[in-house]
Amino acid sequence: MSEKLLVPDIGDFENVEVIELLVKPGDTIKENDPIVTIESDKSSVEIPSTISGKIDTINVKVGDKVSKGDLLLSLSNSTESLKESNLPKDTENIIKQAEEAMAVNKEEPVNVPEPAKEKKQSIIQVTNGLDIDPLETQDWLESLSAVISKDGNQRAHFLIKELINKAYREGANIPYTQNTPYINTIPPEAEIKSNGDQNIERRIRSLIRWNAAAMVVRANKKFPELGGHIGTFASAATLYDVGMNHFWRAKNNKFGGDLVYFQGHSAPGMYARAFLEGRLSEKQLDSFRQEVKPGGLSSYPHPWLMPNFWQFPTVSMGLGPMLAIYQARYMKYLINRGLIKDEGRKVWAFLGDGEMDEPESMGAIGLAAREKLDNLIFVINCNLQRLDGPVRGNGKIIQELEGSFRGAGWNVIKVIWGSYWDSLLANDKTGQLVKIMNETVDGEYQAMKARDGAYVREKFFGKNPDTLEMVSSMSDKDIWRLNRGGHDPHKVYAAYDKAIKNQGSPTVIIAKTIKGYGMGKTGESVNTTHQTKKLDVDDLMYYRDRFDVPLTDEQVRNIEYFRPDEKSPEIKYIKERRLKLGGYLPERSTFAKPIKAPSKDIFDFMKVSTGEKEMSTTMALVRMLTNLLRDKNISPRLVPIIPDEARTFGMEGFFQKIGIYAHEGQKYEPEDAAQLSSYREDKSGQVLEEGINEAGAMSSWIAAATAYTNHDIEMIPIYIFYSMFGFQRIGDLAWAAGDSQARGFLVGATAGRTTLAGEGLQHQDGHSHLIASTIPNCVTYDPTFHYELATIFREGLRRMHEKKENVFYYITTMNENYSHPEMPKDKNCEEGILKGMYKIKEFNKYKKTKLQLLGSGTILREMMSAAEILQNDYQIDSEIWSVTSFNELRKDGMEVERYNLLNPDKTPKKSYVEQCLGSTEGPIMAASDYMRMNSDQIRPYTNNKSFYSLGADGFGRSDTRKNLRKFFEVDKEHLVAYGLSILAKEQLIASKYAKDAMKKYKIDGDKPMPTKL
Ligand SMILES: Cc1ncc(C[n+]2csc(CCOP(=O)(O)OP(=O)(O)O)c2C)c(N)n1
Ligand SMILES: [Mg+2]
């Protein structure tokens, strides 16, 4: 039986060119095998087969233009075929039912019943929240208690929900509240108990506390400028220790490991623990914050500086929470794509309560709930203080966070009160204690912990006669010992245990602690705690006594570290616990296998001229990626990341081909189901379509770009964004990517200040390369032609993913269509492209006057046209250099210059720029579609040649490309005029030529500088 394969619905396009045939007559194909690649002026897409069989004839050839319904090929022996109708069965049924319903509706007029008349009643509304009938209240509460004890919490919850629904239906406008009372989420009777030895754990914790504080104090004694923080870790020690002793599993050869984002300022605590574990020496502790000499300990978690220790940079507040969310999401992505096993690994993130004010901290919590990230646990250390003072003096940060997280769909566990409060709360029959707990604001809670028990009795329990009575038999000391939940290992253990068992949603543990816990009068719960880095002898003695650290007064005065004997129960315990949990944390390692770079010929099609055909470099990139998806080594590792701009970049073809990642698959039939580029969501989809969310997309990219260490699998993330919304928008995340040793590609598409025409000031990028150049391990390129792009991309794959170099690439691509020439045959061309410049053309007819013309990005083409005019109209020769990266040239120039200055006695080396330009003839004129600073970067390395740079300085604006280039003076006419003027200034030609050209091209010499317009 013979079947015919027709061109499917390709959206709004008609007469689209066939650019590749992927099959030939005689081939046996299966459903979904790609048949041909077609390309419009915006995008290229593969057409998959909808049938299986052996190809008899192919009815199209490369270069043909096709539209929907055209015959592509005929097949025989097909084993499967699509039904006439493409509509899924379900849809057919739905349509049928709808039609039947409509038929019925036609006959029967819609009969909407009149609303029942409201019975008028006179009710006295109580609006001030007072209890007008305590007996009635008591009845209701007792009924509820009875339900709880008879049928359990769930039933009680159900009844309350029903009551609320009923009240709502009857018109009661009940304000919705996400808050529960200011007490622990887990009642004491439901707490799961730790099987750890509490005494030893307390001793270990005390030693860690002491050593952490000692290392900060010692460093500052030596060099007061070094700084450091004691208060943050002092408040969080229990939160960390319970995790370290009982929950966090390390990576080893059997398990991938939990991923823990440590709060940056608590770094001393992690070092102090590693010291007890025997991983860091006393000498290393003594080099805290002195990193210049090898072996020093970095101030905060920085993988770049301690590559075998720290995994995640977190100290720029707000990045940790966001990165952790996307890390958890990416872990699920890898699992759902079958690239890693689901081992129940967790991502834990430790955050400060002040940190939660960063928009990034809360910005992605909706995504975490939506994606049901039950592998994610936030622990927010609510010590109620940030740097300057209270986080919410007049309110309650814990309640506020509870509302926000619960509202977003998280599982919320509040750990507010320690065990000493349990009996008081159990005796709170009238609810007065909880009432004052609810009413007391954080400013008061903080002040209480800066004072003493008598103050707490008066200011807290004294708020109500009942509560004052409750503590009448307690001494002030007893009252002072009433601990906060975050300092109680039992409460923390119970919360962690519940968190790891939670399914279907992320968990946030909101723990109440005291900033500077144990630091005494100078540092505990006072507004200056955060900055306290020095403790005087009295404070140190107090700290020692407070935590029973076994040091003599003399040792305290010397601020000695304390590490018990190797055979002591403490050291044995700490090691045993970690052994049980698979190893030490934090620890950074990688066992990822390299990805073999694709063979060179996969990019060969980008080395030949495109002839008449015009395309943008963005489109060339999409073509290249489409080809890479056919390489079986590379294909599964590619992670295309797009923030809602796939159609802008012509990448919609990827939707069908590799699918959009969606953890729930696709629960609906997409509106464009019948089209070739239909919006296909899939549980194992490959594209990360992030929506309008550059920070999230960058966080995903970082997760993918560090998968080689966090998941031991090398991935190739390619994040494609509007270049203006890249580095400018998420600069600090890009910096963190550098710190994280991320490997992957960032592509700034629609780049250039005059190349993106109509979009205007906020869209036209003239500086992303400069921002990118600030990141030491970011390699950047601004290519013009497809073969440059291919050469750069392939080298990026080789350096990063085969050779595992810790760099990442930033490449700009444009949306201007033009034809691309064949790659020059010169054997140095490839090297030049990669180093940053190569000679692309030379005009050498007149041999009188010469100019060196350097162009980058699309402005190279303006430069090439200008050179032609200079030759034809003014008899000026020139050499034209394609500069693929001013940034890379500058890096090389800097390095060589530095070497020469540091080695005055040696033969000076030559920078690459000097090698190219040093002995050329004539002044240099350089231009790019970026600020002059871009091309200016190489000025010092040209061997003192005259150097002039042009560029697009100033705010962009919407207009045509031609007008914009004229405005910013980088069009060919301005380049000609400037070129002549430069030659005149250098006294190589008469100035009249420049004047004439300006007149000819209507260039006004008195026009204001574009930066001022
Ligand atoms: C983006 C950013 N802004 C400012 C800072 C400076 N800073 C460091 S810690 C801190 C206060 C932290 O308070 P909190 O989050 O409550 O943490 P805590 O130390 O109280 O646990 C500030 C403002 C920073 N590290 N990062
Ligand atoms: Mg805080």
Side-chain angles (χ1 to χ4, degrees), residues 209 212-213 216 226-241 243 261-270 289 298-302 310 312-324 348-363 378-393 395-401 404 415-416 442-443 445-447 449-450 484-487 492 508-519 523-533 695 698-699 729-736 739:
R209 285 177 183 285
V216 177
L226 290 181
H229 301 276
I230 304 171
T232 300
F233 178 70
S235 69
T238 308
L239 298 173
Y240 285 115
D241 248 36
Y261 287 71
F262 296 99
Q263 204 266 25
H265 300 81
S266 57
M270 307 313 128
R289 291 193 172 222
S298 66
S299 47
Y300 301 116
H302 293 301
W310 292 117
F312 308 107
T314 49
V315 80
S316 178
M317 314 235 94
L319 301 192
M322 186 144 200
L323 290 169
W348 293 71
F350 277 76
L351 317 168
D353 48 356
E355 179 173 19
M356 298 315 289
D357 280 342
E358 288 284 5
E360 291 89 343
S361 299
M362 305 279 281
F378 270 16
V379 181
I380 308 180
N381 174 22
C382 291
N383 53 28
L384 313 187
Q385 289 174 241
R386 45 187 162 85
L387 193 150
D388 282 341
V391 177
R392 291 288 181 275
K396 289 228 276 295
I397 185 65
I398 291 180
Q399 298 299 85
E400 190 180 319
L401 291 171
S404 301
V415 184
I416 302 180
D442 283 355
Y445 279 121
Q446 185 200 336
K449 281 297 175 190
R484 289 190 179 169
H487 296 300
V492 174
V508 59
I509 293 165
I510 312 179
K512 181 163 165 151
T513 61
I514 297 166
K515 191 141 177 168
Y517 185 62
M519 284 167 73
E524 188 158 348
S525 203
V526 294
N527 277 340
T528 50
T529 303
H530 192 79
Q531 305 288 62
T532 307
K533 55 184 182 170
M698 188 63 189
S699 303
R729 183 75 184 227
I730 49 82
D732 201 20
L733 279 164
W735 186 253
D739 189 351

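First listed ligand is number 1; within each ligand, the first listed atom is number 1.
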- prompt: Given the rule in the side chain to side chain contact (heavy atoms under 4.5 Å, CB included) test, do Met317 and His265 qualify, once you have shown the distances and angles that lead to the verdict?
  reply: CA-CA 10 Å; Met317 314 235 94; His265 300 81; 3.7 Å; yes
Which ligand 1 atoms, with their elements, are less than 4.0 angstrom from a heavy-atom of [X]?
X      : answer
Leu387 : 11 (C), 22 (C), 23 (C)
Lys515 : 18 (P), 19 (O), 20 (O)
Val315 : 24 (C), 25 (N), 26 (N)
Gly354 : 14 (P), 15 (O), 16 (O)

Hey, is the main chain of [Y] close enough, under 3.5 Å, to the side chain of [X] for a donor-acceptor pair?
X      : Y      : result
Thr529 : Gly523 : yes
Asn381 : Thr513 : no
Arg209 : Ala234 : yes
Ser699 : Ala695 : yes
Glu355 : Gly318 : yes
Thr314 : Gly320 : no
His229 : His530 : yes
Ser525 : Gln446 : yes
Gln385 : Val526 : yes

Run down the list [options] and name the one with the heavy atom closest to [atom].
atom                    : options                        : value
atom 19 (O) of ligand 1 : Leu319, Asn381, Asp732, Thr232 : Thr232
atom 12 (C) of ligand 1 : Gln385, Glu355, Met317, Gln531 : Met317
atom 21 (O) of ligand 1 : Asp357, Leu351, Asn383         : Asn383

Can you tell me which portion of [X] lies within the under-4.0 Å heavy-atom range of ligand 1? Options are side chain, backbone, both, or neither.
X      : result
His265 : side chain
His229 : neither
Asp353 : both

May I ask whether [X] places a heavy atom under 4.0 Å from ligand 1?
X      : value
Gln263 : yes
Ser235 : no
Glu358 : yes

- prompt: If we only count heavy atoms from C-beta on, is the Arg289 to Tyr300 side-chain gap below 4.5 Å?
  reply: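 Answer yes - side chains close enough.
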query: Any side-chain heavy atom of Leu323 sitting closer than 4.5 Å to one from Phe312?
result: no
field: Residue and atom names of protein N/O/S atoms that fall under 2.8 Å from the Mg ion (ligand 2)
entry: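 Correct list: Asp353 OD1, Asn383 OD1, Gln385 O.
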field: Glu400: partners by salt bridge (Lys or Arg N to Asp or Glu O under 4.0 Å), with sequence neighbours left out
entry: Arg392
- request: To the nearest 0.5 Å, tell me how far Thr532 OG1 sits from Glu524 CD.
  value: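 One gets 11.5 Å once the value is rounded to the nearest 0.5 Å.
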Protein heavy-atom partner closest to atom 13 (O) of ligand 1 - residue, atom, separation in Å: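 Protein heavy atom at minimum distance: Arg386 CA, 3.5 Å.
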statement: atom 10 (C) of ligand 1: closest protein heavy atom, distance to 0.1 Å, is His530 NE2, 3.7 Å
task: Give a yes or no on whether atom 6 (C) of ligand 1 lies under 4.0 Å from any heavy atom of the protein.
output: no
